[in-house]
*Asks:* 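Sharing a structure with you now.
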Amino acid sequence: MATAAPSAASRIAVVTGASSGIGAATARRLAAAGYRVVLTARRKDRIEALAEEINKAGHQATAYALDVTDRAAVDEFATAFKTIGVLVNNAGGALGADPVATGDPADWRQMYETNVIGTLHLTQALLPKLDASGDGTVVVVSSTAGHGTYEGGAGYVAAKHGAHVLAETLRLEIVGRPVRVIEIAPGMVKTDEFALTRFSGDTEKAEKVYEGVAEPLTADDVADTITWAITRPSHVNVDLLVLRPRAQASNTKVHREL
């Protein structure tokens, strides 16, 4: 199936969490596909450097420092647009791997605020702009954690399940309007920061996540999938797409060459 070029009214794509990993890779892919990408993240220097890279490659990108958990800042950001074509809710992340009995409520709260409330903020603020384009797309980057639990993952699982339910419910509520709702749920993805952030910078613990796995997914693998889903013809909605590396059969069953 051919890739559909974005129409003039839907050329702007907002990507949250664009300072690294899946967000940065998605911004590069969407820019190459013809979208003017708006990069948002808290780390201004990172997204400004990425915007410069994309612009030097002959595409179009703008950086906007934004904390998705700050509703006032999100509402101010939304005033910059009359219409947008795509919103990629990618900002998120995991903190800790403690069991329920000893999990840190502060970590749980932060994961919920970023993965769920942040997605809610951006979606609410930009949904009228997506509607106005006549051909909008909301993408929620969830996780296989939102579809199956595992020991030590309850806080992250709960947050990503919340993101999954948000996408599923939104799709029901806006059916008939010119906006698609796509959920992309990656499994094991090896990026520079995800596991390090989860384990508070403990390199040894972070490396054990991927130990013996020959080829975990890369950020670009996920970005390629996100871009493919967005660039399907307007009448095609990829409701839910789960992707894992071949070595991962489930959240708890991974082939490791040790």
Side-chain angles (χ1 to χ4, degrees), residues 1-18 22-23 25-40 54 59-62 78 80-92 116 118-144 146-147 160-187 217 219-244:
M1 187 179 289
T3 297
S7 65
S10 61
R11 288 185 67 244
I12 299 173
V14 173
V15 182
T16 70
I22 293 169
T26 298
R28 292 186 181 98
R29 285 270 183 174
L30 287 175
Y35 288 89
R36 179 161 72 84
V37 293
V38 180
L39 316 174
T40 75
I54 290 170
H59 308 307
Q60 297 181 72
T62 305
F81 308 97
K82 290 184 179 179
T83 68
I84 69 165
V86 175
L87 167 61
V88 180
N89 286 299
N90 168 72
V116 184
T119 296
L120 178 66
H121 285 168
L122 266 295
T123 302
Q124 287 182 337
L126 294 177
L127 191 57
K129 321 290 184 175
L130 290 155
D131 254 331
S133 76
D135 186 17
T137 302
V138 175
V139 177
V140 174
V141 182
S142 63
S143 167
T144 55
H147 298 268
K160 283 304 188 182
H161 186 75
H164 161 63
V165 169
L166 185 155
E168 189 173 58
T169 306
L170 178 65
R171 191 180 304 113
L172 294 172
E173 292 171 345
I174 66 170
V175 67
R177 290 160 65 178
V179 180
R180 300 179 298 177
V181 181
I182 294 169
E183 180 187 352
I184 304 295
L217 295 177
D220 200 54
D221 291 331
V222 182
D224 180 44
T225 302
I226 292 169
T227 303
W228 174 84
I230 290 169
T231 55
R232 294 312 86 211
S234 297
H235 70 287
V236 177
N237 195 104
V238 180
D239 283 16
L240 169 63
L241 197 159
V242 176
L243 65 155
R244 306 181 196 266

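This is a predicted model, so every value here is computed, not measured. Any value given below was found using the heavy atoms of this structure, including those in side chains, with hydrogens, waters and symmetry copies removed.
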*Asks:* If you round to the nearest 0.5 Å, how far is CG of Asn237 from CZ of Arg232?
*Replies:*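 One finds 12.5 Å between CZ of Arg232 and CG of Asn237.
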*Asks:* Looking at every heavy atom in both Val116 and Leu166, which two are closest together, and how far apart are they?
*Replies:*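 Looks like O-CD1, 4.0 Å.
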*Asks:* Checking the side chain of Asn90 only, and the main-chain atoms of Val141 only, is there a donor and an acceptor separated by less than 3.5 Å?
*Replies:*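 No; judged by distance alone, with no hydrogens or angles, the pair does not exist.
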*Asks:* What are the two closest non-hydrogen atoms of Asp239 and Arg171, and how far apart are they?
*Replies:*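 That would be O-NH2, 2.8 Å.
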*Asks:* If we ignore hydrogens and angles and just use 3.5 Å, is the side chain of Lys129 paired with the main-chain N or O of Phe81 as donor and acceptor?
*Replies:*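 Judged by distance alone, yes, a pair lies under 3.5 Å.
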*Asks:* Do you know the tightest heavy-atom contact between Ala91 and Gly17?
*Replies:*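 The answer is CB-N, 3.8 Å.
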*Asks:* Can you see which heavy atom on Gly134 is nearest to which on Pro178, and at what distance?
*Replies:*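 So the minimum-distance heavy-atom pair works out to O-CB, 3.3 Å.
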*Asks:* Rounded to the nearest 0.5 Å, how far apart are CG of Leu122 and CG of Leu127?
*Replies:*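 That separation rounds to 11.5 Å.
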*Asks:* Sorted by first residue and then second, give each salt bridge (Lys or Arg N to Asp or Glu O under 4.0 Å) pair with at least one member in residues 172-183; sequence neighbours left out.
*Replies:*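 Matches after skipping sequence neighbours: Asp131-Arg177.
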*Asks:* Would you compute the distance between atom CD1 of Ile182 and atom CG of Asn89 and round it to the nearest 0.5 angstrom?
*Replies:*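 Those atoms lie 12.0 Å apart.
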*Asks:* Evaluate side-chain contact (heavy atoms from CB on, under 4.5 Å) for Tyr35 paired with Thr231, printing each intermediate quantity in order.
*Replies:* CA-CA 10 Å; Tyr35 288 89; Thr231 55; 4.3 Å; yes
*Asks:* Nearest heavy-atom pair of Ala167 and Val181: which atoms, and what distance?
*Replies:*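 For Ala167 versus Val181, the nearest heavy atoms are O-CG1, 3.5 Å.
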*Asks:* Gln60: what forms a side chain to side chain donor-acceptor pair (under 3.5 Å) with it, not counting sequence neighbours?
*Replies:*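 Gln60 satisfies side chain to side chain donor-acceptor pair (under 3.5 Å) with no residue once adjacent residues are dropped.
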*Asks:* Answer yes or no: is there a side-chain heavy-atom contact under 4.5 Å between Ile226 and Ile22?
*Replies:*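 The answer is yes, as the side chains (C-beta and beyond) meet within the 4.5 Å cut-off.
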*Asks:* Test of understanding: with side chain to side chain donor-acceptor pair (under 3.5 Å), list the residues that count as partners of Thr62, not counting sequence neighbours.
*Replies:*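 If we apply the side chain to side chain donor-acceptor pair (under 3.5 Å) test to Thr62, skipping adjacent residues, there are no hits.
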*Asks:* Hey, are the side chains of Thr123 and Leu170 touching, using non-hydrogen atoms and a 4.5 Å cut-off?
*Replies:*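 A side-chain contact under 4.5 Å exists here.
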*Asks:* When Val88 is tested against each of Val14, Leu30, Ile184, Thr16 for side-chain contact (heavy atoms from CB on, under 4.5 Å), which residue passes?
*Replies:*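 Answer to the side-chain contact (heavy atoms from CB on, under 4.5 Å) test with Val88 among Val14, Leu30, Ile184, Thr16: Leu30.
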*Asks:* Who passes ring-ring contact (aromatic ring centres under 6.0 Å, His included) against His59, sequence neighbours left out?
*Replies:*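 Applying ring-ring contact (aromatic ring centres under 6.0 Å, His included) to His59 gives none.
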*Asks:* Shortest non-hydrogen contact from Pro186 to Val222?
*Replies:*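 That closest heavy-atom pairing would be CG-CG1, 3.8 Å.
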*Asks:* Nearest 0.5 Å, what's the NE2-OG distance between His161 and Ser142?
*Replies:*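 Result: 10.5 Å between the selected atoms.
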*Asks:* How would you list, by chain and number, every residue that makes a side chain to side chain donor-acceptor pair (under 3.5 Å) with Arg29, sequence neighbours excluded?
*Replies:*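 So Arg29 forms a side chain to side chain donor-acceptor pair (under 3.5 Å) with Asp220, Asp224.
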*Asks:* For Lys160 and His147, indicate whether the former's side chain and the latter's backbone hold a donor-acceptor pair under 3.5 Å.
*Replies:*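 A pair under 3.5 Å: no.
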*Asks:* Distance from Ile84 atom CD1 to Leu126 atom CG, nearest 0.5 Å?
*Replies:*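 Rounded to the nearest 0.5 Å, the CD1-CG separation comes out at 4.5 Å.
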*Asks:* Roughly how far, to the nearest 0.5 Å, is CG of Leu39 from OG1 of Thr26?
*Replies:*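 That separation rounds to 11.0 Å.
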*Asks:* How would you list, by chain and number, every residue that makes a side chain to side chain donor-acceptor pair (under 3.5 Å) with Arg36, sequence neighbours excluded?
*Replies:*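 Result, side chain to side chain donor-acceptor pair (under 3.5 Å) vs Arg36: none returned.
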